[in-house]
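What follows is one structure encoded as structure tokens, with my remarks underneath.
Note that these values count all heavy atoms, side chains included, but never hydrogens, waters or copies made by symmetry.
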Amino acid sequence: MHKKHSQLINFLMNQDQEYVSTATLAEILNVTDRTIRNYIKEINDSGTDIIITSSSQGYAIKNDNTRIDQEWFVSDEKELEEAFLEFQIIQFLMNESEYITYDEIADRFFYSPQTIRSRLQKLTMNIQALGIDVAIDTKVFKGIKLIGTELQKRVLLESFFSSITVKKEVYKDYVINGFRTWVDVNIIESIFKLVDEINIKYQLNLEFLMYKKMTTQLIIIIHQINLGHTVSIEDTELDNLTSFREYEVAEAFRSRINKYVNMTDDEIIYFVNYLISLQLDLDNTQIGNKNHQIISKIEDILLQVEQVYQVPTYSQKRFRNNISNHIYRIIYPASHNLLIYNPFVKETKSEYFYSFSIASHIALKIEKELHVEIQDSEIAYLAYHIQVILDSRDKKKIKTIILYSRSYERTKILSSRVATYFDELEISKIEKFSKDYVFDNSYLYIGINLAFEPQQINAKFIMIQSGFPSSDIKKIRFFLEAQNSIIEQSSIHWINESSPDDAIHHLLSLANQEHFYEPIMKRERMSYTSIGNLVAIPHPYFEVKEYKESVIIGINKKAIQWGKELVQLIIIYIPALDIERNEFVFTEFFEKTKNIENVKGLVHTTTKKEFISRWNQF
């Protein structure tokens, strides 16, 4: 499949079945409108299960006529060739102890030295993006060398090979072609049979990418051990892992491949950690004989997070146990910098942005206390746990006091009508109003036919009539909507910056909020706040102290690289202390920007009035 075809399909799949205009698609793919129409015709005529539907609004992919399975897409020949060459270069450098010149690599793979230099530059950037602790070291007049531990090199090689997109029916042949110089073809065939058998026996329910990763990793393990390149891990770790269900699976593999290779305890420790990182679908994953020191640190982190975010990560036992058990499981693979498998990071980050932010805070604490690196794939799993907690809560209502001057009985009846109309309100008290009445600014007050209206009070106050006409119903509704509205009070700026750092600093300077720069950049360093669709939502790590809520919006002249995404609409959010308020705001940001057409409309506005008008239409 043509590379642009794949990009077009992937983009439309991420639009939640919404239609996208030809002009927007052309801009995203950097082609003409006519080329987009040709691409769509070619895709629809290609005989695949992908059908792109059209309407007056543009193009979309609908789930009812599509088997959305990325593994059935095949890259075009050039893209496939480039990906396979990257794998071959890593495979070649994997066990070389000396520096290799560009000419030697060029001769081996039949490319010019200049082409190899270019590919290696790209390869270096791709390795850095993965977060694997391996580097290509370059020395003048000597060449290049792959630097890293045996464990990290294995992970790197497997990651590059398993990321190559090929059809399921040709995958085994592709593996044989890639590793036949490393492992005998009959052994490769046996590995496939073994993975199939254990997948069924332990009901692992391996999806295709997990299946690719496991088969590839086993082949690499066999070759490397037989070559004498083994991993080295502290033996004491094995005692901590024997109660993991993954240890049972690892031993099942060891007993079956011992005729090909001798897996030491160090190798078993590595393989157990690797299986944990895959997040296998195993029953009964409760762990016995836990390290109490680690559990104590995890629970202390959850207590601190609860105190900051007012989310019961610690006080409610079932949530504490679920999260601490999950963190305990991933501590071991994370300590070896094994990438946690999670194919839904991008979706989680955008749809559950507030939960992802809390999870990022937990990750930062874990890194500090347990000295491991937590990446976005694991933060996304933590975000699932946080979202479960948020979804389990009863939504907090606005505590309301009804004030009256006379006729308590009639006021009580009217208060019931108010509560019936507005589910958001909780009528806490009905009190008689007087000149010396003391207001509490934690309540909303509704005055009914008061003899006079109170002056200069800090509390929220609405005056209505006892007849409760439609104008008073609208008055209360407008008030409640105004409590949620945030864009009207935001500052909006049109800027022209070339990096996230500069954009954030510029916007904060315009709003006289420069003191938030370091807290916001601390959050960005943990995990970029770009969520796709040209949008980023930078915000500081929440503190125990209360911030004054504010929003600073920046529309950049052009899209800039923000992590792995392009961003043109920047929404800086300074949070409130109220957790439900923050959850509401992040949810609104996501809902308003989840459609690329909406975002394109926003970034093309030229005034604040126009921006707010468009925002409120969505």
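Counting heavy atoms from C-beta outward, Tyr102 and Thr138 have side chains that approach closer than 4.5 Å. Under the 4.5 Å side-chain criterion, counting only non-hydrogen atoms from C-beta, Ile504 is in contact with Glu524. Residues Tyr59 and Tyr39 are not in side-chain contact: their nearest non-hydrogen atoms beyond the backbone lie 4.5 Å or more apart. A 4.5 Å side-chain heavy-atom check between Ile233 and His336 finds at least one atom pair inside the cut-off. Using a 4.5 Å heavy-atom cutoff, the side chains of Leu241 and Ile268 are not in contact. Put simply, the side chain of Thr216 does not reach to within 4.5 Å of the side chain of Lys213, judged on heavy atoms. No side-chain heavy atom of Glu267 sits under 4.5 Å from any side-chain heavy atom of Asn262. Side-chain contact between Pro333 and Ile340: present, with at least one pair of heavy atoms (C-beta onward) separated by less than 4.5 Å.
The nearest pair of heavy atoms linking Thr529 to Trp562 is OG1-NE1, 3.9 Å. Of all heavy-atom pairs between Val272 and Ala250, the closest is CG2-CB, 3.6 Å. For the residue pair Met526 and Asp376, the shortest heavy atom distance occurs at O-OD1, 4.2 Å. Minimum heavy-atom separation, Phe356 to Ser527: CE2-OG, 3.3 Å.
Relative orientation of the His539 and Phe353 rings is perpendicular, given thresholds of 30° and 60° on the angle between their planes. Between Tyr328 and Tyr332, the two ring planes are perpendicular [angle over 60°; tilted spans 30° to 60°]. Between Phe271 and Phe253, the ring-plane angle classifies as perpendicular under the 30° and 60° cut-offs. Note on ring orientation: taking the six-membered ring where Trp is involved, the planes of Phe586 and Tyr354 are parallel (angle under 30°, cut-offs 30° and 60°).
Cation-pi geometry between Lys212 and Phe208 is met: under 6.0 angstrom from the ring centre, within 45 degrees of the axis.
A salt bridge links Arg254 to Glu251: at least one charged side-chain nitrogen sits closer than 4.0 Å to a carboxylate oxygen. A salt bridge does not link Asp173 with Lys167: every distance from a Lys NZ or Arg NE/NH1/NH2 to an Asp or Glu carboxylate oxygen is 4.0 Å or more.
No donor-acceptor distance shorter than 3.5 angstrom exists from the side chain of Glu246 to the backbone of Ile276, with no hydrogens or angles considered. Proximity of a side-chain donor or acceptor of Asn226 to a complementary backbone N or O of Trp182 within less than 3.5 Å is not detected.
Taking Tyr247 as the reference, nothing meets the ring-ring contact (aromatic ring centres under 6.0 Å, His included) condition, with sequence neighbours excluded.
Between the side chains of Gln224 and Asn95, a donor-acceptor pair is found at a separation under 3.5 Å. No donor-acceptor contact under 3.5 angstrom links the side chains of His223 and Gln91, judged on distance only. A donor-acceptor contact closer than 3.5 angstrom links the side chains of Asp281 and Asn205.
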- Go through the steps for Gln561 and Tyr528 under the test side-chain hydrogen bond (donor to acceptor under 3.5 Å, both in side chains), then give the verdict. CA-CA 11 Å; Gln561 195 69 40; Tyr528 286 109; over 6 Å; no
- Take Glu565 and Lys346, measure what side-chain contact (heavy atoms from CB on, under 4.5 Å) needs, and give me the verdict at the end. CA-CA 10 Å; Glu565 305 286 345; Lys346 183 175 179 180; 3.1 Å; yes
- Verify side-chain contact (heavy atoms from CB on, under 4.5 Å) between Val134 and Ile90, making sure each step is shown before the conclusion. CA-CA 11 Å; Val134 176; Ile90 295 171; over 6 Å; no
- Pair Phe192-Tyr171, ring pair (Phe, Tyr, Trp, His ring centres under 6.0 Å): steps then yes or no: CA-CA 11 Å; Phe192 275 92; Tyr171 172 63; 5.8 Å; yes
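For Arg525, the CZ atom sits in a packed shell: over 12 heavy atoms of surrounding residues, nucleotides or ligands are nearer than 6.0 Å. Residue Lys558 qualifies as enclosed at atom NZ: its count of foreign heavy atoms under 6.0 Å is above 12.
Side-chain rings of Tyr381 and Tyr384 approach one another, their centers coming within less than 6.0 Å.
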